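First the proteins, then the strands, lettered A, B, ... as listed; each starts at 1. Worth saying up front: this structure is predicted, and the values here are computed from it rather than measured.
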There are 2 protein chains.
Amino acid sequence: MNESDLPVTDFHPYRWGDPARRTTLPAAATETLAAFGVKAPAEEPVDLAELTLPEPGFDLAPITGVVGAGQLRTDAATRIGHTRGWSTPDLLRLRAGDLTDAPDAVAYPGSHDEVVALLACCERLGVAVVPYSGGTSVVGGLAPDRAGFAGVLALDLGRLDAVLAVDTVSRTATLQAGLRGSEAERLLREQGLTLGHFPQSYEGASIGGYAAARSAGQSSAGYGRFDEMVVALELATPRGTVSMGTAPKSAAGPDLRQLVLGSEGTLGVITSVTVRVRPLPAERVFEGWQFDSFEAGAAALRRLAQDGPLPTVLRLSDEAETSINLADPAAMFAGGPGGCLAVTGYEGSAAEVAARRAAASEVLAAAGGQPLGEEPGESWRHGRFKAPYLRDPLLDAGVLIETLETVTFWSKLSELRAAVTTALTDALTAQGTPPLVLCHISHVYETGASLYFSVACAQTEDPVAQWQQAKAAANRAIRATGAAITHHHGVGTDHRAGYAEEVGPLAIEALRAVKRVLDPAGILNPGVLFESGSSEGDH
Amino acid sequence: MNESDLPVTDFHPYRWGDPARRTTLPAAATETLAAFGVKAPAEEPVDLAELTLPEPGFDLAPITGVVGAGQLRTDAATRIGHTRGWSTPDLLRLRAGDLTDAPDAVAYPGSHDEVVALLACCERLGVAVVPYSGGTSVVGGLAPDRAGFAGVLALDLGRLDAVLAVDTVSRTATLQAGLRGSEAERLLREQGLTLGHFPQSYEGASIGGYAAARSAGQSSAGYGRFDEMVVALELATPRGTVSMGTAPKSAAGPDLRQLVLGSEGTLGVITSVTVRVRPLPAERVFEGWQFDSFEAGAAALRRLAQDGPLPTVLRLSDEAETSINLADPAAMFAGGPGGCLAVTGYEGSAAEVAARRAAASEVLAAAGGQPLGEEPGESWRHGRFKAPYLRDPLLDAGVLIETLETVTFWSKLSELRAAVTTALTDALTAQGTPPLVLCHISHVYETGASLYFSVACAQTEDPVAQWQQAKAAANRAIRATGAAITHHHGVGTDHRAGYAEEVGPLAIEALRAVKRVLDPAGILNPGVLFESGSSEGDH
């Protein structure tokens, strides 16, 4: 990419994804929504082109001195395009014209060294920095606290989009942080390789974001979580560069890679990662299984997770989600197969897929599963990146729709599902908007599994506050059962309180101490992961 | 265990393991050794019973106030039994009567809360604390730097030896830190479960040590490393308790468990861990394969590690190690099968073992392996805990024998093996004692593998200094190829300099910052992992 060819995000600031793939609601959905009392909002979303922003509150010259004048933008469209992420409250705020979190300027560094220099420069200027690559955070990870700073600089890593190295013997690839997941996959495919990482944000999210937020993709059963793929990384900090990862695993002290993975831009800016890659699978088969109940299906998934063989993709929808068929807009609300739908996917060589599929199918059948053939599996596979496109027409129609996720040990899974479902239902019903709450398992481990909830109800007049109440109730339920506050969305600002409660004050103090070493002025994503205010006073 | 029934270590302070299993050298070995110029040392090892130690340099009353008078010992035998670990230099120093690292006293806390109280007490007294459970460190992890402290208290966790909980649904067990690995395995076996963790120190090492030093066992291909088994842990610090692990995996911030695992007692005392357990395997098969060269064998292991199926145990000895048959004292130096011996082991259900063995055997044969049948595999399995027993008669005979290990990516493995072998050979030859250098791969990953070296040569008059020179040369070679300074032995004090070089000054500063939060007075294992002196001045 040459310098004049700046990366342009194809994403509309409050409408998901490729404009050509935007969708409308099917008729069946509109009818169902009416029964929930859904009415179109009183106000249309604002036209962002009509909004203006104040001039940047700090001297830009030192920044252009680092990146060059062509690589710094302060126009409103660019700044609005870098405002917050993709949670429903983020979109609702932008629809309402709330630009309070817009960065003052957006810089596009072209190298790791420019990132290091930019951070030193922002430290001198007293400017907060939000590392920005895919921009797909759904937990407020891109809305730093600007209190005490001269302004906020969004550091767009889009120009750091190269595959730096491929080691075919060790099966690793070194990828720059600004590379979108989909583009990384395309470039690796040219060499017969795959990362195998497919989160729902795959079309937009970046390698750096995957790493900073401990992403988990839909094929995590087969390919692992992103934090399990990373063998090395480069971190740019205001105090210089930290390189981590001399070997796959070692006993050379704590695994400090795992301290950076999940640090969400607060300890430094990850500029590249070296990840384990695999050969492109020769064969891919997806299929559906039906279980009488969520508990029966969960028990079957647990058997596969604990005794194997593990499919590459393994998911289970509860009765409500199964009946709605969320993944397929065309079929949504048109009625599902009944019971609970499990999706299994197998990738690998033809012989390996055949053997694994046969053995897993035996386990699923023995656990009470009814095979539904390949159609439901392929339908899920083709529809899996479509769900985010549904949110925009649903919001337009006056639906409040959002998701949240958590993870626990197998023995607590039923209790967790019941507690969160009840909390969401009660909190929204109390506001006069009884919700539909859907749940699925999308990631399994030997000792536990994740739960992913989708919630839909009629919007009240203040849908942001409406959701915040429901979300707070869900968080309390999650914490009360001892589960983790997030499985793969991350902490951001939305989960900060729950996270602090989960890890306790000494752990937060330890993280702050690490931040003080790497980022003494606290300019990096302040307020994300933990509160920024008291970092000076706690020691 | 009642209070009067203190745990007694069966290990002689400088002779390995169960006295009933001690061994002598076979005749073939004695002949070979003579050819290397080995002569019995001029001095016999000291009789430890004749040594005395100075009185403890601090007030013991506050400590007995916490644990009770019966749980504090200051007699010489107990203190000598808690002096240093099991590296060859450790044994040589003890043989020479060097007790400079002996703790002033040994306390036996009976609960997590007592550990917390002891740490607070030692902080007030200005006493350094060395957490001690198995006592099997081979990297100086039990020899804290006492400079600036009133003395050293060894905190023997032997009374914390319970299985606190077993969750058969989630397949986890909560084990106290002082439980020896072998005893944990025995207790789990009663419930039909196994940890599957078998490091060579298995007879003596403890659960807490496995966790604190990121242990890897001989079945790591099948059961994973110990740090991969831990889902939760309790850490006692001078500032209180930190509990970690609410789920198998999450995106709730950095994985802080991985900051404690490998912290080697410097950030707190791990008092219990919750680990993933598995059902006892119904079937176990071990077998041998012969490869023409180490490179051919390594390529075969790489294929299994990358494309599967992975055996439970997977090892490859180089030509020298194969010829010596180190694992079997009876056969040692009696000549091996020639070429390079690989050992494969399979554990699981009968059907699963049969399928995995057949598929892996096909891969090994296609990669040029010749099947040697079950005898070499079973011979390795039965002999695998015997090698440490050989060291004592070898030291008695005047042999300097020691091991070291490292890990790198597959593409650098040959270079690493050559560099370390050359470094050890040159450094010892230059001292007039040309060595035998043996090497094997014992742990494989998709992206790389470990290398384990055994070195033997005639002792000089100062064998500790002799080894230090060789070890320093090996460390330089490891660092020059970019490999990790240790794969599973840990950092301790022996690898401190190489570790600092490997992770760089900012990472060390970050670790020190975490230590200052959890251990403000720096009493916990000072000098282990990183130098203790400058911790106040670096911020």
Side-chain angles (χ1 to χ4, degrees), chain A residues 167 169-172 213-214 216 225 227 231 237 239-240 242-243 246-256 258-263 276 306 407-411 445-448 482-491 495 499 502-504 506-507 509-511 513-514 516-518 529, chain B residues 167 169-172 213-214 216 225 227 231 237 239-240 242-243 246-256 258-263 276 306 407-411 445-448 482-491 495 499 502-504 506-507 509-511 513-514 516-518 529:
Chain A
D167 176 346
V169 174
S170 308
R171 288 204 184 151
T172 63
R214 302 184 84 80
R225 301 168 55 88
D227 49 81
V231 295
T237 83
R239 293 199 53 211
V242 184
S243 302
T246 54
K249 297 270 180 178
S250 85
D255 189 344
L256 296 174
Q258 301 297 328
L259 184 61
V260 173
L261 299 168
S263 65
R276 174 255 286 155
Q306 293 184 335
V407 54
T408 191
F409 296 102
W410 285 112
S411 59
Y445 305 94
E446 277 188 70
T447 57
I485 197 71
T486 171
H487 172 262
H488 59 271
H489 281 173
V491 174
H495 289 142
Y499 175 60
E502 179 176 327
V503 300
L506 278 175
E509 232 186 282
L511 282 175
V514 173
R516 274 195 302 274
V517 168
L518 300 175
L529 208 55
Chain B
D167 176 347
V169 174
S170 309
R171 288 204 184 153
T172 63
R214 302 184 84 81
R225 300 168 55 88
D227 49 81
V231 294
T237 83
R239 294 199 52 211
V242 184
S243 302
T246 54
K249 297 270 181 178
S250 86
D255 189 344
L256 296 174
Q258 300 298 328
L259 184 62
V260 173
L261 299 168
S263 65
R276 173 255 287 155
Q306 293 183 335
V407 55
T408 191
F409 296 103
W410 286 111
S411 58
Y445 305 94
E446 277 188 71
T447 58
I485 197 72
T486 171
H487 171 263
H488 58 271
H489 282 173
V491 175
H495 290 143
Y499 175 60
E502 179 176 327
V503 300
L506 278 175
E509 234 186 279
L511 282 175
V514 173
R516 274 195 301 274
V517 168
L518 301 174
L529 208 55

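Side chains of A/Thr447 and B/Asp167 form no contact here, defined as non-hydrogen atoms less than 4.5 Å apart.
The contact between A/Val407 and chain B is made by backbone and side chain atoms together, counting heavy-atom distances below 4.5 Å. Interface remark: B/Tyr499 contributes side-chain atoms only to the contact with chain A (heavy atom separation under 4.5 Å). Both the backbone and the side chain of A/Phe409 come within contact range of chain B, judged by heavy atoms closer than 4.5 Å. A/Asp255 touches chain B through backbone and side chain together, each having a heavy atom under 4.5 Å away. Only the side chain of A/Leu529 comes within less than 4.5 Å of a heavy atom of chain B; its backbone N, CA, C and O stay farther away.
Judged purely by atom type and a 3.5 angstrom limit, A/Ser170 uses its side chain to pair as donor or acceptor with the backbone of B/Ser411.
When the ring pair (Phe, Tyr, Trp, His ring centres under 6.0 Å) test is applied to A/His495, no partner is found at least two apart in sequence or on another chain. Scanning for side chain to side chain donor-acceptor pair (under 3.5 Å) contacts around A/Arg276 gives B/Glu446, with sequence neighbours left out.
The greatest number of non-hydrogen atom pairs below 4.5 Å with chain B, out of A/Arg171, A/His489, A/Glu502, is found for A/Arg171. Per-residue counts of heavy-atom pairs under 4.5 Å with chain A were compared for B/Leu506, B/Val514, B/Thr172, B/Val491; the largest is that of B/Leu506. Interface summary for chain A: among B/Gly448, B/Ala484, B/Ala510, B/Ala252, the most heavy-atom pairs under 4.5 angstrom belong to B/Ala252. Contact tally against chain A (heavy-atom pairs below 4.5 Å) for B/Pro254, B/Gly262, B/Gly482: the top residue is B/Pro254. Interface remark: of the candidates B/Gly490, B/Ala483, B/Gly253, B/Gly253 forms the most heavy-atom pairs closer than 4.5 Å to chain A. Ranked by heavy-atom pairs under 4.5 Å with chain A, the first of B/His488, B/Gln306, B/His487 is B/Gln306. No other option in A/Ala216, A/Ser250, A/Ala507, A/Ala247 has as many heavy-atom pairs under 4.5 Å with chain B as A/Ser250.
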